[in-house]
Structure formats: C-alpha cells, structure tokens
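A short write-up of the structure that comes next.
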Amino acid sequence: MIDTNTTSHGKWSSRFAYILAATGSAVGLGNIWKFPYITGENGGGAFVLVYLLCVLLIGIPIMMAETLLGRRSQKNPIEAMELLTKEANADSNWHYLGWMGVIAGLLILSYYSVIAGWSSAYILKAFSGSFIDADALAIKSIFNDFIASPVKLVFWHTLFMLATMWIVVKGINNGLEKAVQYLMPVLFVLMFLLVAYAMTTGDNYFKGLHFLFSPDFSKLTSNSVLTAMGHAFFTLSLGMGAIMVYGSYLSKDISISKTVFLIAGADTIVALLAGIAIFPIVFANNLHPNSGPGLIFETLPIAFGAMTGGWLMGILFFVMLAIAALTSSISLMEPAVAWLVENRGFSRQKACVWSGGVTWLLGLGTVFSFNVWENFKVFDRNIFQILDYLTANLMLPIGGFCIAIFTGWIMNAQHSEDELALPNSGYYQVWKMLISYVAPAAVFFVFLHVVGVL
Ligand code: PFF
C-alpha cells in the first residue's frame, strides 16, 4: 500500500466538490463547440452512434481506471505512474505514460485557450447587440472578420490563459471548486432554452434530429471512426492524466463508479443537447453542417438575434461557454503544475507562469493558422488541425490504451478491486473484461484500420 501520509497533496472538500470539478473538466468546448462541428464534418448519425458506443464501452471503463490510479497513488500523474509501477513490480518505462499525459495536456491547452478566447470575445459581441436581427450572411462575416485578425485572437487568447493561470495558482480548494459550483445549473437551463428555440424551426427541427440520430453508415470512414473514438477521450478528459490528478485529490470513501457514471452521463447529455440545438438552425438557414470550427459561432448568434430575449441569452450563453472552457482548461494545466510543485520544488505561482507561458507561446501557432499562416499546411492540415489530430486522435487514445493495459493486466487485480469497491464481484468482472479486452482491442483495431492494415 502506498504511503500517503507524507504528501502535501491536496484533497477535495467533499464528494460533491469532486463531482463538480470533474464534470467541469469533462464538460467544455468539447461538448458545445467541437462535438457539433465534427459531427457535421463526419456525416451525422453514424458518427454519433460510434461516439456513444465509445463513451460507453471505452470511455467509462477507462475513466474508472484513471480515477482509481490517481486515488490509489494520491500523487500527480508522473509520480503516480512511478509509484504504481514499483508497486506492481512492472517495467519502469510505464512511468513515461505520466509524461505523455502532461505534454498532451499542455498541447491541448494551447489551442483550447484560443477557441475559449473566441467564446470570450463573443460575450462582448452579444452585449453590443451585433447579432440583433442579423441574418446568416451577416453573422458569418462577423465571424470571418474576427478570426482574420491575429491581434484580436492573441488578445483574447492571452486573457483566457491568464484567467486559467490565476485559478490554478489558487490551488484546488479555493480556485477550482468555487468556479464550477454555479456553472452546471445555468448551463443546463440555457441548453434547454436553446433546444426550445430549435423546436420553433418547424420541419428543420426534425431534419436536425434526423441528421443526428439516423445513422447512414455509408458516410463512415475509418478516419471518422478514429475521430469519434478520439472525441470520446477528449470529451471525458481521458488519456492524459487530468482525471487521474483529480482522482488523486479524492478521499477513499467515495464510490468511483457512481461518480464516473454521473459525470459521463452529464457530459453526454450536454453534447447531445448542443447538437439538437444547433443542427435545426443550420438547416433553417441553409448553412452547411460541415462548416468546421466556426459552426457554433456562425449558427447560434442567428438564433440569439432572432428570438425574444435573445440579447440576454446570447450574453449568458457565451459567458457560460467561457466558464465551461475555464473549468476544463484548469484541468489541462493542473497535471503539469502539480508535478512542477511536488517534484521540482517550484512554487505554485512559478509553476503556473511556466506552464502557462510555454502553452501561450504554442497557442500562437493556432491563432495564426486561422489567418496569416492559413496556407501553411503539412499533410493538408494547418497547425491547429495538426495539434488537434495529434492530441485528440493519437495521444489520448494511445494514453487511454496504455492506462487500460496497465490497470487490466499489470496492476494487481486485488488493488483495482479494492479501489473500485463495486457492490458485487459481478460488476467488477464486467469492468475487468471491458478494461482488459474490449477497450484496448477497440483502440487497437481502429488504429489498424486507419493505417490501412485492416
Ligand atoms: N473535456 C474537455 C472538453 O470536452 O472540452 C477538454 C479536455 C479537458 C480534454 C481535459 C482533455 C483533458 F484532459
């Protein structure tokens, strides 16, 4: 048993605080910005079905595994993997898994902060009344003008990164817990109101539902299956240590399985609500579902501009989106900061300045890929797309695969059973089968398919 008495590692103040923070990490731009646009790019229903299957069969078991690894070690991901590797008498190379997670987190944060900056800028646009009575064309040109300006994008990216650093500096109890407390209820209410608006688009509402939920498998390529799987990891914050580090602040008497189901359930509902709200507006305005990362910025403002009370709703929506992004971005930075503080003797401030500074610099690549460097492409992808593909489609699934192998095959089964403390051994056997066979095999086959072996 790992000795945790000597650690200066933090603790959540309650189970509720943990659920809020982990849900805050999971629910973010991934659900409201990314899920709709990648669904649009990958043909709708069949993609959504694969994504849901991945959440259920791969995401949830791996989320349980990551949480239990964190809680057992009570350490940051790098140290956690070192300790658990020793405890399992395993090859010491396993600790690189912790490293990959920290790096993936900062790479994701670099572009996440840029997009979160867009959401923040849109709060002001909503406030200034820019969307009132604007048609689809006007809304599109507001967006295009905005992303064409590197100065504006850098400004908002900087602001968002500073906000992230500020909360992370304050540590888990003061910063993270308070920030997430008020978000979830407001988020759900706003999403339902947007869905209610989408229902007023008549036939287009059903067109939207049809697009999302009736699978046409001819539209599914091996790359879209990879994207759906990668998104299951991204949206649940898996494969890089965010959930591991949050699990490490979790006290021993809390049920991992119950909290994981709650978090994954809330995450999935928010994504589906976003889809149900957005696609009817897309069809009602003759827009294209596959218009890429700008999709929500080109659609939802039309609704805000047209509906009664839309001015206020628009402001609230983008405030909420920025806060949702913030509660995720802090979890992207936390693994690196926890490691710098606990293993490299940095103060929390210094650790935040370093991680935030390096990530901010990297984020400039994403900023420029929407304007001055938009024609700079490698393998037909700009810098933003490369970072997104590398992290969401490769690093997170590979990290998740290794976590599944480690917990399913390397770690002592008694240890994982103790940590999960499921109500009966039948449930444990189901989890064990999913984590040992189903999840790793699924990731492996998807990769084989993509590289063309299958
Ligand atoms: N889950 C977040 C979202 O859906 O926006 C993004 C994210 C956070 C990914 C933390 C990975 C992570 F570790």
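This one's a predicted model, so the numbers in the text were calculated from it and none came from an experiment. If you read the sequence from its start, that first residue is 1, and numbering goes on from there.
Few gaps surround CH2 on Trp431; more than 12 heavy atoms of other groups in view lie less than 6.0 Å from it. When the shell of 6.0 Å around CG of Leu262 is examined, it contains more than 12 heavy atoms from other residues, nucleotides or ligands. Open room surrounds CG on Asp133; 12 or fewer heavy atoms of other groups in view lie less than 6.0 Å from it. Counted within 6.0 Å of CZ on Phe217, heavy atoms from surrounding residues, nucleotides or ligands total more than 12; the atom is thus considered enclosed.
A 4.5 Å side-chain heavy-atom check between Trp373 and Val367 finds every atom pair outside the cut-off. Side-chain contact between Thr235 and Phe35 is absent, with no heavy-atom pair separated by less than 4.5 Å. Leu238 has its side chain out of reach of Leu396: every pair of non-hydrogen atoms, C-beta onward, lies at least 4.5 Å apart. Looking at Arg15 and Thr259, their side chains come closer than 4.5 Å, going by heavy atoms from C-beta outward.
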Handout entry: Full working for side-chain contact (heavy atoms from CB on, under 4.5 Å) between Val189 and Phe192
Key = CA-CA 5 Å; Val189 171; Phe192 277 111; 6.0 Å; no
Exercise for the section: Would you check, one step at a time, whether the test ring-ring contact (aromatic ring centres under 6.0 Å, His included) holds for Phe370 with Trp118? Expected result: CA-CA 12 Å; Phe370 291 101; Trp118 297 2; 4.9 Å; yes
Exercise for the section: Would you check, one step at a time, whether the test side-chain contact (heavy atoms from CB on, under 4.5 Å) holds for Met229 with Val50? Expected result: CA-CA 7 Å; Met229 183 180 76; Val50 176; 5.9 Å; no
Handout entry: Steps toward side-chain contact (heavy atoms from CB on, under 4.5 Å) verdict (Phe233, Ile58)
Key = CA-CA 9 Å; Phe233 284 94; Ile58 310 177; 3.7 Å; yes
Practice task
List the steps and the verdict of side-chain contact (heavy atoms from CB on, under 4.5 Å) for Tyr427 and Ser257.
Solution key: CA-CA 10 Å; Tyr427 287 136; Ser257 56; over 6 Å; no
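Within the 3.5 Å criterion, the main-chain N or O of Leu287 finds no donor-acceptor partner in the side chain of Ser291. The backbone N or O of Lys207 sits nowhere less than 3.5 Å from a side-chain atom of Asn204 that would complete a donor-acceptor pair. For the pair Arg348 (side chain) and Val337 (backbone), a donor-acceptor distance under 3.5 Å is absent. In this structure, Glu374 contributes its side chain and Phe368 its backbone to no donor-acceptor pair below 3.5 Å. Distance alone, capped at 3.5 Å, places no donor-acceptor pair between the Asn31 side chain and the Thr268 backbone. Thr201 places a side-chain N or O within donor-acceptor distance of the main-chain N or O of Tyr205, the cut-off being under 3.5 Å. The backbone N or O of Tyr249 lies less than 3.5 Å from no partner atom in the side chain of Arg71, so there is not a single donor-acceptor pair. The backbone N or O of Ala21 sits nowhere less than 3.5 Å from a side-chain atom of Ser25 that would complete a donor-acceptor pair. Panel note: side chain Asn371, backbone Ile147; a donor-acceptor pair is recorded below 3.5 Å. Using a distance-only test at 3.5 Å, with no hydrogens or angles considered, a donor-acceptor pair links the side chain of His157 to the main chain of Trp360.
Minimum interatomic distance between Ile142 and Ser130 (heavy atoms only, all atoms of both residues): CD1-O, 3.8 Å. The two atoms that bring Ala80 and Met244 nearest to each other are CB-SD, 4.3 Å, heavy atoms only. The two residues Ala322 and Ile123 have their closest heavy-atom pair at CB-CD1, 4.2 Å. Summarising the geometry of Tyr51 relative to His231, their closest heavy-atom pair is CE1-CD2, 3.6 Å, with the distance given to 0.1 Å. For the residue pair Tyr112 and Leu29, the shortest heavy atom distance occurs at OH-N, 2.9 Å. Heavy atoms only, all atoms of each residue included: Ala126 and Phe318 are closest at CB-CD1, 4.5 Å.
Residues that satisfy the side chain to side chain contact (heavy atoms under 4.5 Å, CB included) test with Asn393, not counting sequence neighbours, are Leu226, Thr227, Tyr389. Partners of Ser224 by side-chain hydrogen bond (donor to acceptor under 3.5 Å, both in side chains), not counting sequence neighbours, listed by chain and number: Thr221. In this structure, Ser149 has no side-chain hydrogen bond (donor to acceptor under 3.5 Å, both in side chains) partners at least two apart in sequence or on a different chain. Under the ring-ring contact (aromatic ring centres under 6.0 Å, His included) criterion, Phe127 pairs with Trp311, not counting sequence neighbours. In this view, Tyr37 and Trp33 satisfy the ring-ring contact (aromatic ring centres under 6.0 Å, His included) rule, not counting sequence neighbours. For Lys140, the salt bridge (charged side-chain N to carboxylate O under 4.0 Å, His left out) partners at least two apart in sequence or on another chain are Glu298. Taking His288 as the reference, nothing meets the side-chain hydrogen bond (donor to acceptor under 3.5 Å, both in side chains) condition, with sequence neighbours excluded. Considering only residues two or more places apart in sequence or on other chains, Lys219 meets the salt bridge (charged side-chain N to carboxylate O under 4.0 Å, His left out) condition with Asp216.
Taken to the nearest 0.5 Å, the SG atom of Cys54 stands 11.5 Å off from the CD1 atom of Ile60. A distance of 12.0 Å separates OG of Ser328 from CD1 of Ile323, quoted to the nearest 0.5 Å. With rounding to the nearest 0.5 angstrom, the CG atom of Asp203 is 12.5 Å from the NE2 atom of His210. Rounding to the nearest 0.5 Å gives a distance of 8.0 Å between CE of Met64 and CG of Leu68. Separating the OG1 atom in Thr164 from the CG atom in Leu332 is a distance of 8.5 Å, to the nearest 0.5 Å. Taking OG of Ser237 as the start and CE of Met63 as the end, the distance is 6.5 Å to the nearest 0.5 Å.
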List the atom pairs, donor and acceptor, that lie under 3.5 Å between side-chain atoms in residues 432-447 and the rest of the protein, sequence neighbours left out.
unit_1	atom_1	unit_2	atom_2	d
Lys432	NZ	Gly408	O	2.8
Ser436	OG	Lys432	O	2.6

Pairs under 3.5 angstrom only: tabulate donor-acceptor contacts from the side chains of residues 276-285 to other protein residues two or more places apart or in another chain.
unit_1	atom_1	unit_2	atom_2	d
Asn285	ND2	Ile281	O	2.9

Please table the atom pairs, donor to acceptor, closer than 3.5 Å between any side-chain atom in residues 100-111 and protein atoms at least two apart or in another chain.
unit_1	atom_1	unit_2	atom_2	d
Ser110	OG	Leu107	O	2.7
Tyr111	OH	Asp388	OD1	3.3
Tyr111	OH	Thr391	OG1	3.2

Please list every donor-acceptor pair under 3.5 Å in which a side-chain atom of residues 376-386 meets a protein atom from a residue at least two apart or in another chain.
unit_1	atom_1	unit_2	atom_2	d
Asn382	OD1	Phe384	N	3.2
Asn382	OD1	Gln385	N	2.8
Gln385	OE1	Asn382	N	2.9

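Classified by interplanar angle (parallel below 30°, tilted 30° to 60°, perpendicular above 60°), the ring pair Tyr122/Phe297 is perpendicular.
With a 6.0 Å cutoff to the six-membered ring centre and a 45° limit on the axis angle, Lys34 counts as a cation-pi contact of Phe234.
Annotation: Phe304 is in aromatic contact with Phe317 [ring centroid separation under 6.0 Å].
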